[in-house]
K.L.:
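Have a look at this one.
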Number of protein chains: 2
Amino acid sequence: MSSSSPAGKKATKATIRADNEKLILEAAEAVFAESGFRGATTSQIAERAGIPKANLHYYFPTKKVLYRQVVHNIFTIWLEAANSFDDCDDPVSALSSYISLKMDISRQYPNGSKVWANEILHGAPVIQDYLETSLRDWTQSRVIIINRWISEGKIRPVDPNYLLYMIWSTTQHYADFNHQIETLNQHSPLTDIQFETAKKTVISIILQGIGATPNDRS
Amino acid sequence: MSSSSPAGKKATKATIRADNEKLILEAAEAVFAESGFRGATTSQIAERAGIPKANLHYYFPTKKVLYRQVVHNIFTIWLEAANSFDDCDDPVSALSSYISLKMDISRQYPNGSKVWANEILHGAPVIQDYLETSLRDWTQSRVIIINRWISEGKIRPVDPNYLLYMIWSTTQHYADFNHQIETLNQHSPLTDIQFETAKKTVISIILQGIGATPNDRS
DNA sequence: CGTTTCCTTGACCATATGGTCAGGATGAGC
DNA sequence: GCTCATCCTGACCATATGGTCAAGGAAACG
């Protein structure tokens, strides 16, 4: 059955567990993204993972535990990417690479972003703690950076929070509202070229919008 | 019981129906926003509307019919507001008022925006036709307007689609991700002043971002 | 009033779903 | 190859939920 590892890896106890958990988590991410927490059924997830429902419950005792794990994985990816913010002390490079990376993540992990959006939409019943700790900490530290840029005259004065919200919403839109974008794009996904154009458009509007273009007033 | 009209209106057949449908629709909008289509239960909606479940099903035979009605109402509000786009042929005024109005709607009807977001997130199973007709038509006509502004040199060249997505996502973020914003704002809703600041920030970044500030390069 | 039409609702049903369990299969260790 | 720990799964259960129904009110109307 599908529990055997697909490639040439032999089925040892260790790999069995790792493989199956991965299978289930991937299926769960897709199904949760498509149907939300309550909309998703454990049978659906199991079927998509190619295992019986009872086996799913062997690895993840409850639907909620599985969901939390999915959200956790997403949040990890998301936070790691956010570190590109710090790689550079110049607002143009820092924001460009941050926005670019967030757009790429939206494209590569649309399900993750959707699960996150769904969770916030419904009041974050499962991940409130993440909002209050990791997200808040991250946000506060970046607000400080942005404020420094302002006091150094590198960008014009804008409230950092609303700038961040703008970046988050715009970039994640390409994952969360992917279906709407595709529909408006003749029912086909954005091509690589279109996506690059979108990325450039977003970056240029935001950078120029905060007065951070390379040809500054300096 | 609560079916009697709250004010002094007497309970005639006509008002009974109107009142109850309104009660149910309001409750449904809130519950659908909070839990999504599948997450919402008709009992929940009925309870919130203050009527027995069987009575709800007397007015709306199925959950799906009720949901479609809710989405339809939202879409109507949303499209009407979009007309502010045309009130003016100057990009600065047109975009300012459009963004401002969309922000206000996000604040006044957060549930509507959430239901919409939820629906798109899950692939628009119920409202695909809206996307393909009304939304597409509206978008295409505004793309033409924006392109005209570009050819007239009123704004710098940006792809109109991605500009529109940016406006939609940024403004609706204040409804859809309201919970996250509140959490990051010391668990309290944005004050009127904060909201005005957010609005101004968004408008100024976008307008300056597309080179449409009043003090143009003219 | 009488009756007709519309409204209200407690009780009920079929189905779907999250989760359990007992017993069988399979790799690990010797 | 024997034993043990882990893995697998069909069958099962309790509960929740969308939706129905029949019988009882209340307004419309003459």
Side-chain angles (χ1 to χ4, degrees), chain A residues 1-25 27-28 31-32 34-71 122 125-126, chain B residues 1-25 27-28 30-32 34-70 122 125-126:
Chain A
M1 177 145 292
S2 60
S3 71
S4 60
S5 37
K9 280 186 297 182
K10 61 192 167 199
T12 101
K13 280 277 170 65
T15 59
I16 286 177
R17 181 157 215 116
D19 287 353
N20 280 345
E21 286 184 347
K22 193 181 163 205
L23 262 178
I24 294 170
L25 282 169
V31 174
F32 281 133
E34 200 173 290
S35 311
F37 176 72
R38 192 159 182 283
T41 72
T42 51
S43 319
Q44 251 183 310
I45 298 173
E47 192 184 359
R48 182 159 188 144
I51 60 171
K53 191 181 68 166
N55 201 6
L56 182 151
H57 280 287
Y58 171 71
Y59 286 104
F60 297 92
T62 71
K63 185 169 138 180
K64 197 164 185 175
V65 165
L66 176 55
Y67 183 73
R68 265 194 83 94
Q69 186 64 51
V70 168
V71 173
H122 301 342
V126 181
Chain B
M1 180 144 294
S2 58
S3 72
S4 58
S5 34
K9 282 186 296 183
K10 64 191 162 201
T12 103
K13 281 276 167 70
T15 59
I16 285 176
R17 180 156 215 115
D19 287 352
N20 278 346
E21 287 184 346
K22 192 179 163 206
L23 261 179
I24 294 171
L25 282 169
V31 175
F32 281 133
E34 199 173 292
S35 312
F37 175 72
R38 193 159 183 284
T41 73
T42 52
S43 318
Q44 250 183 311
I45 298 172
E47 193 185 357
R48 182 160 187 142
I51 61 172
K53 191 181 65 164
N55 201 6
L56 181 152
H57 277 104
Y58 170 74
Y59 286 104
F60 297 92
T62 70
K63 184 168 136 179
K64 196 165 184 174
V65 165
L66 175 55
Y67 183 73
R68 266 196 81 95
Q69 186 63 52
V70 167
H122 301 341
V126 181

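Order of the sequence lines fixes the chain letters, A, B, ..., with proteins taken first and strands second; residue numbering starts at 1 for each chain. What's counted below: heavy atoms across the whole structure, side chains too, no hydrogens, waters or symmetry copies.
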K.L.:
Does dC7(C) have its OP1 or OP2 closer than 4.0 Å to a side-chain nitrogen or oxygen of R17(B)?
P.N.:
yes
K.L.:
Over how many whole Å does the gap from D19(B) atom CG to dT8(C) atom P extend?
P.N.:
10 Å
K.L.:
Atom CD of Q44(B) and atom P of dG18(D): how far apart are they, to the nearest Å?
P.N.:
9 Å
K.L.:
What I'd like to find out is whether the side chain of R68(A) reaches to under 4.5 Å of the side chain of F60(A), using heavy atoms alone.
P.N.:
no
K.L.:
With a 4.0 Å limit, can you tell me whether R38(A) has a side-chain N or O closer than that to the phosphate oxygens OP1/OP2 of dT17(C)?
P.N.:
no
K.L.:
Out of curiosity, Y59(B) OH to L25(B) CG, how far, rounded to the nearest 0.5 Å?
P.N.:
12.0 Å
K.L.:
Looking for any heavy atom pair under 4.0 Å, which part of the strands does A46(B) touch: base, sugar-phosphate only, or nothing?
P.N.:
nothing
K.L.:
What is the distance, to the nearest angstrom, from the CD atom on E47(A) to the C1' atom on dT9(D)?
P.N.:
16 Å
K.L.:
Checking only heavy atoms, does the side chain of K63(B) share a donor-acceptor pair with the base of dG19(D) at less than 3.5 Å?
P.N.:
no
K.L.:
Would you kindly give the CG-to-P distance between L56(B) and dT20(D), to the nearest whole Å?
P.N.:
12 Å
K.L.:
Of the listed nucleotides (dT20(C), dT9(D), dT9(C)), which one gets closest to any side-chain atom of P52(B)?
P.N.:
dT9(C)
K.L.:
Start with the C-alpha distance between N20(A) and L56(A), add both sets of side-chain angles, then the distance that settles side-chain contact (heavy atoms from CB on, under 4.5 Å), and finish with yes or no.
P.N.:
CA-CA 9 Å; N20(A) 280 345; L56(A) 182 151; over 6 Å; no
K.L.:
With the side chain counted from C-beta on, respond yes when V126(B) and F37(B) share a heavy-atom pair under 4.5 Å apart, and no when they do not.
P.N.:
no
K.L.:
Report the residue (A54(A) or A54(B)) whose heavy-atom-nearest nucleotide on DNA chain D is the more 5′ of the two.
P.N.:
A54(A)
K.L.:
Calculate the interatomic distance between E21(B) atom CD and dC6(C) atom C1'; express it in whole Å.
P.N.:
13 Å
K.L.:
Would you please confirm or rule out a distance under 4.0 Å between OP1 or OP2 of dT8(C) and any side-chain N or O of Y58(B)?
P.N.:
no
K.L.:
Return the value, rounded to whole Å, for the distance between atom CD1 of I51(B) and atom P of dG10(C).
P.N.:
12 Å
K.L.:
Starting at the 5' end of nucleotides 25-30 of chain D, put B wherever the base has a protein heavy atom under 4.0 Å, S where only the sugar-phosphate does, and a dash everywhere else.
P.N.:
--BS--
K.L.:
On DNA chain D, nearest-nucleotide positions of T41(B) versus Y59(A): which is more 5'?
P.N.:
Y59(A)
K.L.:
With rounding to the nearest 0.5 angstrom, report the OG1 to NZ distance, T15(B) to K22(B).
P.N.:
12.5 Å
K.L.:
Measure from CZ on F60(A) to P on dG19(C) and round the result to the nearest Å.
P.N.:
13 Å
K.L.:
What is the distance, rounded to the nearest whole Å, between atom CD1 of I45(A) and atom P of dG19(C)?
P.N.:
10 Å
K.L.:
Show me the donor-acceptor pairs, under 3.5 Å and distance only, between side chains in residues 38-46 of chain B and residues at least two apart or in other chains.
P.N.:
residue : atom : partner : partner atom : Å
R38(B)  : NH1  : R38(A)  : O            : 2.6
R38(B)  : NH1  : G39(A)  : O            : 3.3
T41(B)  : OG1  : Q44(B)  : N            : 3.0
Q44(B)  : OE1  : T41(B)  : N            : 3.2

K.L.:
Using salt bridge (charged side-chain N to carboxylate O under 4.0 Å, His left out) as the criterion, list what pairs up with E47(A), not counting sequence neighbours.
P.N.:
none
K.L.:
According to a strict under-4.0 Å criterion, is N20(B) in side-chain N/O contact with OP1 or OP2 of dT8(C)?
P.N.:
yes
